[in-house]
Amino acid sequence: MMRPASTAAALSVMTLLAGCGPDVEPPAQAEPDEASSIDIGEHVVHFSAQRTDQLPPEIARLYNIVRSEDRAMLNVSVIDEVSGKAVPADVAVKTVNLTGQLKPINMRRINEEDAIYYIGETSIANQETLVFDIAVQPEGDDKPTQLRFKRQFFTDR
């Protein structure tokens, strides 16, 4: 859930951009220390980023994820607010660090019983902050919703 200050800031940006024309939609903002979510109308988008060495070895093996302190994994899921069930979505991610260096992440879909996850990995350096720009379009929605969050990672390397 977004903090009140973050919500106010996001609403202020949306108000400012409202006069820019009908096609301009500002991204929702969040700066989580751990897993977070944002309500996008009829859906809730859950997202988190963590070092891959924090995953249990059996989970990393199951999903073919390289466990390493210098790799980060992004996890995104979309839940229908009414039914509480996972819904398929188009999820596209652009990630950069604070110097503007592109950090490629290819998202892939994971189906697990009633859950649907979208995960992707990228390399990280010690104290590197990544900005994740995520476009999420739940199945049946007319256009994607843009959201952004940043996360700093720490390694021993």
Side-chain angles (χ1 to χ4, degrees), residues 1-52 54-56 58-60 62-66 71-98 102-124 128-153:
M1 181 170 282
M2 292 179 64
R3 296 181 292 257
S6 296
T7 302
L11 289 174
S12 296
V13 171
M14 287 189 284
T15 302
L16 288 172
L17 291 176
C20 295
D23 295 321
V24 176
E25 241 182 83
Q29 299 286 322
E31 295 185 28
D33 291 330
E34 50 192 57
S36 293
S37 64
I38 291 183
D39 186 330
I40 62 166
E42 296 177 8
H43 301 95
V44 177
V45 178
H46 295 268
F47 51 92
S48 65
Q50 68 184 59
R51 289 187 349 209
T52 60
Q54 296 173 330
L55 294 171
E58 59 277 4
I59 298 295
L62 181 64
Y63 295 111
N64 198 27
I65 297 169
V66 176
R71 293 198 57 78
M73 180 185 84
L74 175 65
N75 184 347
V76 178
S77 63
V78 181
I79 306 297
D80 181 275
E81 273 197 324
V82 175
S83 70
K85 295 184 179 188
V87 296
D90 288 329
V91 177
V93 179
K94 178 184 174 194
T95 305
V96 297
N97 62 20
L98 295 182
L102 184 64
K103 305 290 285 196
I105 292 185
N106 292 319
M107 300 299 285
R108 58 189 167 105
R109 180 176 163 165
I110 305 290
N111 292 312
E112 184 178 273
E113 296 180 20
D114 292 333
I116 301 172
Y117 302 96
Y118 299 88
I119 62 171
E121 302 170 65
T122 192
S123 63
I124 53 171
E128 184 171 34
T129 298
L130 297 183
V131 179
F132 298 91
D133 285 311
I134 306 170
V136 178
Q137 185 171 353
E139 192 173 79
D141 280 10
D142 293 337
K143 59 182 177 176
T145 297
Q146 305 293 323
L147 66 98
R148 169 181 284 173
F149 79 101
K150 63 182 173 180
R151 174 86 197 280
Q152 186 173 24
F153 296 91

Heavy-atom count around Gln54 CD within 6.0 Å, excluding the residue itself: above 12?
yes
Ring geometry between Phe132 and Phe149 (parallel below 30°, tilted from 30 to 60°, perpendicular above 60°)
parallel
Can you confirm whether Asn106 is buried at CG, in the sense that more than 12 heavy atoms of other residues, nucleotides or ligands lie under 6.0 Å from that atom?
no
Is there side-chain contact between Leu102 and Lys94, with heavy atoms separated by less than 4.5 Å?
yes
Counting neighbours of CD on Glu139 that are heavy atoms of other residues, nucleotides or ligands and sit closer than 6.0 Å, is the number greater than 12?
no
Check whether Thr122 reaches the backbone of Pro104 with its side chain - one donor and one acceptor, N or O, closer than 3.5 Å.
yes
Donor-acceptor under 3.5 Å (Lys143 side chain, Gln137 main chain):
no
Assess the residue pair Asn75 and His46 against the criterion (side chain to side chain contact (heavy atoms under 4.5 Å, CB included)); give the C-alpha distance rounded to whole Å, side-chain angles, the decisive distance to 0.1 Å, and a yes or no.
CA-CA 8 Å; Asn75 184 347; His46 295 268; over 6 Å; no
Between Thr52 (side chain) and Val66 (backbone), is there a donor-acceptor pair under 3.5 Å?
yes
After noting the C-alpha distance and the side-chain angles of Asp114 and Lys85, does the key distance pass the side chain to side chain contact (heavy atoms under 4.5 Å, CB included) rule?
CA-CA 7 Å; Asp114 292 333; Lys85 295 184 179 188; over 6 Å; no
Any heavy-atom pair between the side chains of Val131 and Lys150 that's under 4.5 Å?
yes
Please determine whether side chain to side chain contact (heavy atoms under 4.5 Å, CB included) holds for the pair Ile134 and Leu74, giving the CA-CA distance in whole Å, both sets of side-chain angles, and the decisive distance to 0.1 Å.
CA-CA 10 Å; Ile134 306 170; Leu74 175 65; 4.2 Å; yes
